[in-house]
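Comments concern the structure below.
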Amino acid sequence: MPKLKTIEDLQQIREQARRDLQVRTETGTRIIVGMGTCGIAAGARETMHAILEELKRRGMEAHVTTVGCIGMCSREPLVDIEQAGRPRVTYCNVHPDMVPRLIEEHLVHGRVVQEWALGRVPTEGIGQG
Amino acid sequence: MTEPLYRANVLVCGGTGCEASGSAGTYHKLLEEVQRQGLANEVQVIHTGCRGFCAMGPIVIIYPDGIFYCRVQDSDVPLLVEETLVKGRVVPRLTYKEPSSHQAVPFYSEIPFYKKQMRIILRNCGMIDPENIEEYIARDGYQALTKVLTTMSPQDVYEEIKNSKLRGRGGAGFLTGLKWEFTARAPGDIKYVVCNADEGDPGAFMDRSVIEGDPHSLIEGMIICAYAIGAREGYIYCRAEYPLAIKRLHIAIAQAEEYGLLGDHILGTDFCFHLHVKEGAGAFVCGEETALLASIEGRRGEPRPRPPFPAVKGLWGRPTNLNNVKSYASVPQIILHGADWFANIGSPRSPGTAIFALTGKVNNTGLVEVPMGITLGEIIFDIGGGIPKGKAFKAVQTGGPLGGCIPAEHLNVQVDFDSLKEVGAVMGSGGMIVVDEDTCMVEFARFFLTFAAAESCGKCVPCRMGGKRLLEVLTRITTGQGRLEDLKLIREIAAGMETGSLCALGQLTPGPINAALRYFEEEFIRHIVDKRCPAGVCKELVRARCTNACPADVDVPSYVALVAQGRYAEGLEIHRRTNPFPLICGRVCPAFCQTRCRRGDIDEPIAIRAVKRFMADQELAHPWTPPLLDSPKTDRVAVVGAGPAGLTAALRLAQQGYRVTVFEKLPVAGGMMAVGIPEYRLPRDILNVEIDNIRRAGVEIRCNQALGRDFTLDSLFAEGYRAVVLAIGAHQSGRLRIAGEDQAGVVHGVDFLRAVALGQPPDLTGRRVGVVGGGNVAIDAARTAWRLGASQVHILYRRRREDMPAYKEEIQAAEEEGILFHFLTNPTRVLGDGQVTGVECLKHTLGEFDRSGRRRPVPLAGSEFVIELDMLIPAIGQTPDLTGLQDQVAVRRDNTFQVNDALATSRPGVFAAGDAVTGPATVVEAVAQGNAVARAVDHYLRTGQVEKIVTLPGYEVVNQPFNLDDYAEARPPRMPELPVAERRNFQEVELGLDEQAAQEECKRCLRCDLEWLEEMGLAFEPVPQRELAEIGFS
């Protein structure tokens, strides 16, 4: 039985999904890892593994999700950190050995690691013109 | 998930960090206080795990308002509950104040890479999890489908797409809406929607990224298309080489079916559509629509003639709409925002955005989406960040292997379907490969041709045979076996393929070669006639990139290898075979060899110039007597001008046995080496050592002999000279063409430097001097003025520092010496009343690209400012001084001599060489000209014929007695220099390497020359310079 039987069902799912996303962004910590082919080729799988390990080690809860390519392939692996409604910050060229410092400084102390930061992503998306 | 019962959720972090700061107490106090205030049924207090931000704990987040409180102690709780939960007011003291570190990070819209982009098709890529349909739905996914199903008829849909003027993004640019209409109107009740996701172009990954990052946008577009044309089934033809894209497609389709968005009765309506994925099997030709359809049908991918077009007769003979991934992905946005919205983006005849995969020699490689109509230069330089390592842009290949290259002169072309066609390129699917000065355009064209020829399906003769033959010709050219007739042959085969091939693969295969020939014919001719690859790529023609880059073909690998072993005299002898000025060039050469050194690809290039100087300095005690290479002759040759071109020509002719006299206008010999290059770069006594070597070869140099005044061309021939070489250089300075430039205090750069060199330096103590220009003459003049005591020296240049033609080390030295640079500045008026008092300048900004690929400076209105000066030195370029030659010999517009490829002028028996032919250049280029003109004059005197003598450089083979691996980590030495405080004089600034440093530096050389011998299967034996005619090349 399909999950959506009518158009109204679609609208409900949409509202729910938006709210879920809002909860997650406003109350939790989201770590977003670019996992297009460019990211994978640059080592994003290893970076993600390092992130999961580090979070486990510190007993931290964060929603780790993967996305496709955001276009800046030359700077992959790209990792975004979004904390409780604070601006989502993109870090570039994130190799596994950089992960502990990122978690320590950004997640724990709330300080952006300037030398690795690329940009802030507005919630509606980038460069819509 | 939220629970509708509670109106607020209070989340208290219970992670270790927050526990340590007392969050347990906070949690319990909250429970207590909520209870006490009677809010227990309305407010839920939850203990969560750690979400980070431990440094600011205990953290309390109140939801749904999203209030973020930090450092909440139990003593803060009553206030918090009272204010926020009861009265709905935020407590400022407890809120989080964003540290400046977040603010310092720029928004994406401010980053150069994203600033000019407009991400419509790519709106979700990088923002959503492509394996979760709900994230797509949350960002308005399937809303367009809803709109279509509830408010639009099939005809409404294709009319809307027609009105948007969307053109197919696969590259052909056919109006998508029109195609949909044809398919909709075609008779038949079984129709298909097919997506071309084959993306065979090397370097293209636009479609792949869309599928990997936002597969539902494609699916939604196809569903809408199916509705519009009346199809119930669709296929996505995705190449098998994209496993991740295929995986995500399958997941997306399965999820869409699960959610009732695909399959029967979509969203409860009568509309049904089933989507399948068909994997491609490695054939580029299956990107062509009819071949693609054949492949889906299970047949071999071969195109068929059209008409009938797939819209009428496609898959299994049924009407089929076939579009590219990006075309379908644009559809939901067009439906949601309207045709007008889309039609107003981009250019009128190519609306919307285009996605490009920017790759190659560019800093910011990646995927960009820009409005159509943006210029090529903006994409490559503004978005792409320009060329790495400061190399020069050469061309950009658009449209993949069937496209064409676009050189610097067209950087202002707008990127859209029609404008690109006018410059011989193709938009294609969106691949953009940037190449720089180190790319050989002949080899580049051959690379694409190899690919296209291999991918020919073989069905039609023009493509099957044409591609093969074309490849044979190009391969011959790149291996030094080319003939001039080949250019005509290429054009014939190309025409045949373009008109006769069955599909676009064959028709467009010649595209890259046609474009390369159109813009880089000179490079082809160098490969064919001179057997040279200027970029240093074609293996057979490039023994080593260093010697290949040297205009005079100096055997760099051999002398560097000899210096490593302390065999300086042998190295010098080899050097002098082609360049008689190692002492000079070791101090002043721009060292093209270094810029191409292969070691430079790994860490730093070999410091070849420093090594050369060291080698030459060792033998100062042993003056060189150039050897006689042929029997003495009675023929006399006159050379006018004792600069590097004239002296080299004179030397080579003397070595062939001729009696040579050099006539020099100035009191000293050397040309620009004597009166242009200041002594702190090239000491006079060093220069004279090398001029004396020329005299020792039997050349007579007569100074104070001016053409026109003391002799003429006629008088020379009357006296019995059988040939004349005009090597008069370019000593006339270009005027500024501004008011006030003809007054005292304005002294042109070359005149200023000449006066200093000839012993008449002005005393500039305490004076303020301004120099206009950005080349070496400008820097030389500025650094000389500083040494003569100027209190201030300004350089005014109309472009930026990185655009200056002067040598980077010279610019840096000038900065160290305190010279002030004003960039993007041009003088507009020289102030003063007969004597310079200052200069009025105007600031500029950078506008469009000019033919050299640099941005043209554009004046900034109202930015005038004055620099007070006592002296102004224009140094914006030089031309030959033609006094004494009025109309006797043909010249070009810039006063350089018009010569054929044998360097012969319009007057019989009169040849020319050096800056007088090329315009201002370098010593080594003048030497190369001197060598060439000597060969031509020799040939003329022997045979009476004027012909270019093409030679293949000879080489030595020097052994390698040490292990290169020991030098893997070695770095070049620093050149010792005079400290700035000790430089206010004309002593040489560079002090030269010591023996150990020089030898160790030579050992870093990778010996590409030995590798070449092995790869070519040649004997490890020296080979002398040979004339091509001897080898039997036509």
Side-chain angles (χ1 to χ4, degrees), chain A residues 2-7 9-10 13-14 17-23 26-29 34 36-38 40 58-62 65-75 78 83-87 89-90 103 106-112 114 117-122 125-129, chain B residues 1-2 11 15-17 48-56 61 63 66 68 98-99 101-102 104-109 111 113-114 117-119 122-123 125-130 134-135 137-138 142 146 149-150 208-209 212-214 244 258-261 263 267-268 364-368 371:
Chain A
K3 275 207 178 127
L4 307 176
K5 294 181 219 54
T6 63
I7 286 168
D9 286 348
L10 174 66
I13 291 267
R14 176 167 170 254
R18 290 171 86 145
R19 261 178 308 174
D20 283 350
L21 191 60
Q22 214 183 348
V23 177
E26 287 185 10
T27 67
T29 298
T37 297
C38 50
I40 295 173
R58 292 171 181 261
M60 280 174 140
E61 258 175 40
T65 185
T66 56
V67 294
C69 162
I70 205 167
M72 209 157 194
C73 312
S74 59
R75 306 268 208 272
L78 293 172
Q83 243 182 344
R86 297 311 113 202
V89 176
T90 302
I103 306 274
H106 191 138
L107 284 194
V108 175
H109 292 281
R111 278 195 309 259
V112 171
Q114 294 295 348
L118 173 72
R120 275 186 285 173
V121 189
I126 46 166
Q128 287 279 292
Chain B
M1 292 288 191
T2 54
L11 304 161
T16 319
T48 70
C50 168
R51 266 79 171 271
F53 229 4
C54 319
M56 303 294 280
I61 303 175
Y63 188 74
F68 190 95
E98 193 172 295
S101 69
H102 272 72
V105 182
F107 277 109
Y108 266 56
S109 52
I111 303 175
F113 184 72
Y114 287 106
Q117 289 196 46
M118 203 176 187
R119 295 170 81 84
L122 294 176
R123 54 190 289 275
C125 287
M127 300 299 292
I128 63 166
D129 178 356
E134 293 203 2
E135 292 200 17
I137 292 174
Y142 293 107
T146 305
L149 291 176
T150 53
R208 168 172 68 66
S209 297
E212 285 176 1
D214 191 14
L244 186 58
E258 189 193 332
Y259 278 63
L261 292 157
L267 286 178
N364 299 334
T365 55
L367 211 58
V368 308

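Just so it is clear, the model here is predicted, and its values are computed rather than measured. Every chain is numbered from 1 and lettered A, B, ... according to where its sequence line falls, protein lines coming before strand lines.
- Taking OG1 from T37(A) and CG from L244(B), the interatomic distance works out to 4.5 Å, rounded to the nearest 0.5 Å.
- With respect to chain A, the highest number of heavy-atom pairs below 4.5 Å among I111(B), L149(B), I137(B) belongs to I137(B).
- Note that OG1 of T146(B) and CG of L10(A) are 4.5 Å apart. Values are rounded to the nearest 0.5 Å.
- With rounding to the nearest 0.5 Å, the separation of OH in Y108(B) from CE in M72(A) is 8.0 Å.
- Ranked by non-hydrogen atom pairs under 4.5 Å with chain A, the options P371(B), S209(B), G213(B), G260(B) are led by G260(B).
- Only the side chain of T65(A) comes within contact range of chain B, with at least one heavy atom under 4.5 Å from a heavy atom of that chain.
- G71(A) approaches F113(B) most closely through the heavy-atom pair O-CZ, 3.4 Å.
- Residue E134(B) comes nearest to A17(A) through the heavy atom pair O-CB, 3.5 Å, listed as atom of the first residue, atom of the second, then distance.
- To the nearest 0.5 Å, the span separating CD on E135(B) from CG on D20(A) amounts to 10.0 Å.
- Counting heavy atoms from C-beta outward, L267(B) and L4(A) have side chains that approach closer than 4.5 Å.
- Within the 4.5 Å cutoff, no side-chain heavy atoms of M127(B) are placed close to those of V67(A).
- Looking at L21(A), neither its backbone nor its side chain comes within 4.5 Å of chain B, counting heavy atoms on both sides.
- Using a 4.5 Å cut-off between heavy atoms, L118(A) contacts chain B through both its backbone and its side chain.
- The distance from atom SG of C73(A) to atom CG of N364(B), rounded to the nearest 0.5 Å, is 10.5 Å.
- Judged by distance alone, with hydrogens and angles left aside, the side-chain atoms of R119(B) form a donor-acceptor pair with the main-chain N or O of I70(A) at under 3.5 Å.
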